[in-house]
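Worksheet: the structure to be examined is printed underneath.
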Amino acid sequence: MEPKILSLQTTFKQETAAFKDSQQEISKNHSARQTFLQQQHENELVLQELELLDEDANIFKLVGPVLIKQDPLEATSNVKKRLEFIKGEVDRLDAQLRRLDDKQSKRQHTVQRLGHGLLPVLKTLQLLPLPFLDQTPHALVPAIV
């Protein structure tokens, strides 16, 4: 086979692998974001409960196997700080997701372009199985998850 065709095939395989890797990165991002959103919801519920308590109410914090009495102002402050941190992480993950989506879109276009260039050459050389010849170059591109 021609070196040009081999080079094109190698590039196509590399770009397809990179496209799949970016899909995995996006999946990890979604998973991490979901975890932080769940923690955010739980902490918002804790904050609402703390705001409903009287100022002289006893608040205990579980540290290992022991309950330790905690000042209500300190407990509220800790929950608010935790919420700020979680919101920052969600914002960071959202920005990262936008970058990953852009990167994946570029990779998809590259794979499609390479597929458009590779398919006619392979058809000409009859290197593709017959059922594959009827497929469009889009069939060469992995589906976006």
Side-chain angles (χ1 to χ4, degrees), residues 1 3-123 127-129 131-145:
M1 206 181 312
K4 183 179 178 182
I5 295 172
L6 287 175
S7 173
L8 192 58
Q9 280 183 318
T10 303
T11 304
F12 181 78
K13 286 179 184 179
Q14 289 170 345
E15 287 296 324
T16 302
F19 182 83
K20 288 179 183 179
D21 289 344
S22 67
Q23 282 181 320
Q24 289 176 344
E25 288 179 49
I26 288 173
S27 178
K28 287 178 187 177
N29 180 289
H30 281 295
S31 179
R33 188 176 183 282
Q34 185 63 34
T35 301
F36 278 114
L37 289 175
Q38 185 177 8
Q39 289 176 355
Q40 181 180 12
H41 179 69
E42 291 170 359
N43 281 281
E44 286 170 348
L45 290 176
V46 169
L47 186 60
Q48 288 174 1
E49 291 293 322
L50 288 173
E51 290 172 351
L52 292 175
L53 294 175
D54 294 330
E55 290 182 21
D56 61 341
N58 290 326
I59 297 175
F60 295 90
K61 179 178 182 179
L62 185 63
V63 178
V66 181
L67 285 174
I68 298 176
K69 190 171 182 178
Q70 193 173 25
D71 179 54
L73 292 175
E74 182 183 350
T76 304
S77 173
N78 287 344
V79 172
K80 286 180 180 178
K81 286 178 186 175
R82 202 174 312 130
L83 278 169
E84 287 176 23
F85 171 78
I86 291 169
K87 287 177 184 175
E89 287 299 301
V90 169
D91 291 343
R92 181 187 64 80
L93 289 170
D94 286 342
Q96 182 184 30
L97 182 61
R98 285 190 295 275
R99 286 191 305 274
L100 288 171
D101 282 340
D102 290 343
K103 182 179 167 182
Q104 185 179 29
S105 178
K106 289 176 185 175
R107 291 222 186 269
Q108 181 183 13
H109 292 304
T110 302
V111 169
Q112 284 177 339
R113 183 178 44 81
L114 288 170
H116 284 290
L118 187 60
L119 190 60
V121 173
L122 295 177
K123 277 184 181 180
L127 295 176
L128 294 176
F132 193 74
L133 290 174
D134 297 331
Q135 295 180 2
T136 63
H138 296 353
L140 296 173
V141 179
I144 296 176
V145 176

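Values in this document were obtained by computation on a predicted structure and should not be read as measured data.
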Working note: Q96 + L93, criterion side-chain contact (heavy atoms from CB on, under 4.5 Å); need CA distance, chi angles, decisive distance, verdict. CA-CA 5 Å; Q96 182 184 30; L93 289 170; 3.4 Å; yes
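A donor-acceptor pair under 3.5 Å links the side-chain atoms of T11 to the main chain of S7, judged by distance alone. The backbone N or O of L73 sits nowhere less than 3.5 Å from a side-chain atom of T76 that would complete a donor-acceptor pair. With hydrogens and angles disregarded, a donor-acceptor distance shorter than 3.5 Å links the side chain of T16 to the backbone of F12.
Heavy atoms only, all atoms of each residue included: I26 and L97 are closest at CG2-CD1, 3.9 Å. Across every non-hydrogen atom of V79 and N43, the tightest pair is CG1-O, 3.5 Å. In plain terms, the two heavy atoms of Q70 and N78 that are nearest each other are NE2-ND2, 3.1 Å. Taking every heavy atom of both residues into account, P72 and I59 meet most closely at CA-CD1, 3.5 Å.
Side chains of F19 and Q23 form a contact here, defined as non-hydrogen atoms less than 4.5 Å apart. Side-chain contact between K20 and Q24: absent, with no pair of heavy atoms (C-beta onward) separated by less than 4.5 Å.
For the atom pair CD (Q38) and CD (Q34), the distance works out to 7.0 Å, reported to the nearest 0.5 Å. Between F85 atom CZ and Q40 atom CD the span is 12.0 Å, to the nearest 0.5 Å.
Take V63 and apply the side-chain contact (heavy atoms from CB on, under 4.5 Å) test, not counting sequence neighbours, and it matches K61, I68. By the side-chain hydrogen bond (donor to acceptor under 3.5 Å, both in side chains) test, Q14 pairs with no residue at all, sequence neighbours left out.
Residue pairs meeting the salt bridge (Lys or Arg N to Asp or Glu O under 4.0 Å) criterion with at least one member in residues 96-116, sequence neighbours excluded, are E15-R107, E25-K103. Screening residues 67-92 for salt bridge (Lys or Arg N to Asp or Glu O under 4.0 Å), with sequence neighbours left out, gives E89-R92. Among pairs with a residue in residues 30-45, those fulfilling salt bridge (Lys or Arg N to Asp or Glu O under 4.0 Å) read R33-D94, at least two apart in sequence or across chains.
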Using atom types as modelled, flag every donor-acceptor pair under 3.5 Å from a side chain in residues 45-54 to any protein atom, sequence neighbours excluded.
none

